[in-house]
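What you see is a predicted model; the values in this text were computed from it and never measured. All ligand and atom numbering here is 1-based and tracks the order in the structure.
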Amino acid sequence: MKVALFDDFQLGMVQEDTIYELGPLLFGKNPPGCCPMVELIRNYEQYQKIMERGIDSMPSRPLSEVRLRQPVSRPGKIVAAPVNYVSHMKEMNVHHTARGLGFFLKANSSLAGHGEPIVLPAAKAGRRFDHELELAFIIGKTAKKVKAKDAYSYIFGYTGLNDVTLRPDGENEEERCLRKSFDTFTPMGPWIVTSDEIDDPQSLQMELTVNGELRQKTSAREMICGIAELIEIYSHVMTLEPGDIITTGTPDGVSPVYPGDMVKISIDGIGSFSNPVELESPQKES
Ligand code: MN
């Protein structure tokens, strides 16, 4: 199943060119106070039964008529793997990988959906900003000290993610979490494909283009720490909760983006999403 958030962060199910509105069926007149996707994930078994019975009564709209949003509007946390592909380790000329470095956190307010601009902060104009093609997954149930062999049962589904990054330049060496947490620096989507529909996530092929030109292309097979190992490492540090987003690192080919660019991520078996790049206008500062 493909589940999405659209328009005013309403919950939807995507089938081909149609989006079905899940909110009225699942929540009636009492929409959840939190992110509706997190509510769906937390009680998925119960809601799945309602969805199977009620699919014919769900209102639907053409997918082209709605605005897709980031598929989790407010996760508890966004956990990101640094240096998790050998090809990226070589291009960055670094010697530590996610196996030793572990993770960094991105602000959950940095999320953006399909079509939403990546806004480069005016205060950092002239610095280098890079795209980072990544496969991300969403935690389905509370995970604490999970062994890699059991890890896949904790995954709700998979999505694409662009870990947009302000690069350090020798003079400016901000922490990773600052450089990657500007508003709109985590485009994600276009939706979540539930884990039952992805036979082997480590075999997924993915690519990123800028203005139609191929910049990054990899198989998830090339990860240094695979998905299961990441869950083992991270869940031994912190409790992973339903709706948490884990993004798995980027391959080589990271390159700068500039205002006017269009960045597109495509992952086989998931889908595509794109984001234009803009420079923040100074008058927007408050
Ligand atoms: Mn990254």
Side-chain angles (χ1 to χ4, degrees), residues 70 72 75 77-112 118 120-121 124 127-139 158-169 172-189 201-202 204-210 215-227 229-231 233-234 237 240 244-257 261 263-267 270 273-275 277:
Q70 60 269 32
V72 185
K77 49 193 173 290
I78 305 171
V79 187
V83 199
N84 201 25
Y85 286 81
V86 170
S87 61
H88 181 58
M89 183 173 72
K90 287 179 178 165
E91 77 176 347
M92 301 307 287
N93 195 26
V94 291
H95 306 284
H96 296 285
T97 73
R99 190 162 283 135
L101 295 168
F103 61 85
F104 59 90
L105 296 170
K106 296 193 80 166
N108 55 15
S109 46
S110 66
L111 288 167
I118 297 164
L120 308 181
K124 304 288 183 186
R127 296 279 300 276
R128 175 175 164 171
F129 299 93
D130 284 354
H131 55 75
E132 291 192 356
L133 163 68
E134 307 201 3
L135 173 68
F137 59 90
I138 316 301
I139 292 294
Y158 299 87
T159 191
L161 190 144
N162 187 353
D163 176 20
V164 180
T165 301
L166 167 67
R167 286 282 165 226
D169 61 6
N172 301 283
E173 295 286 336
E174 302 93 345
E175 291 285 351
R176 269 195 181 86
C177 71
L178 184 156
R179 295 187 284 102
K180 292 162 172 279
S181 285
F182 291 96
D183 287 0
T184 74
F185 270 32
T186 311
M188 173 193 177
Q202 293 291 173
L204 290 173
Q205 303 288 319
M206 60 191 119
E207 64 173 49
L208 180 148
T209 63
V210 177
R215 296 282 178 87
Q216 294 187 278
K217 185 180 174 68
T218 193
S219 162
R221 189 84 61 209
E222 302 299 320
M223 287 177 198
I224 294 168
C225 294
I227 290 164
E229 187 179 349
L230 291 177
I231 293 177
I233 295 171
Y234 299 169
V237 176
L240 302 173
D244 284 357
I245 298 164
I246 298 183
T247 189
T248 57
T250 197
D252 63 342
V254 298
S255 66
V257 293
D261 283 348
V263 184
K264 182 179 183 187
I265 282 180
S266 306
I267 304 183
I270 297 177
F273 66 101
S274 44
N275 301 88
V277 179

**Student:** Please give me the protein atoms (N, O or S only) lying under 2.8 Å from the Mn ion (ligand 1), ordered by chain and number.
**Tutor:** E132 OE1, E134 OE2, D163 OD2

**Student:** Using the rule given for side chain to side chain donor-acceptor pair (under 3.5 Å), can you reason through E222 versus S87, listing the C-alpha separation, both sets of side-chain angles and the distance that settles it, and then say yes or no?
**Tutor:** CA-CA 9 Å; E222 302 299 320; S87 61; over 6 Å; no

**Student:** Scan K217, K264, R215 and name whichever one has a salt bridge (Lys or Arg N to Asp or Glu O under 4.0 Å) with E207.
**Tutor:**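 The passing option is K217.
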
**Student:** Quick one: salt bridge (charged side-chain N to carboxylate O under 4.0 Å, His left out) pairs with a partner in residues 94-109, sequence neighbours left out?
**Tutor:**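 Counting only pairs at least two positions apart or across chains, the salt bridge (charged side-chain N to carboxylate O under 4.0 Å, His left out) contacts touching residues 94-109 are R99-E229, K106-D163.
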
**Student:** Applying ring-ring contact (aromatic ring centres under 6.0 Å, His included), name anything that partners F104, two or more places apart in sequence or on another chain.
**Tutor:** none

**Student:** Keeping to residues at least two apart or across chains, list the ring-ring contact (aromatic ring centres under 6.0 Å, His included) pairs with something in residues 79-99.
**Tutor:** none

**Student:** Please confirm whether the backbone N or O of T186 pairs with a side-chain atom of N162, one donor and one acceptor, at under 3.5 Å?
**Tutor:** no

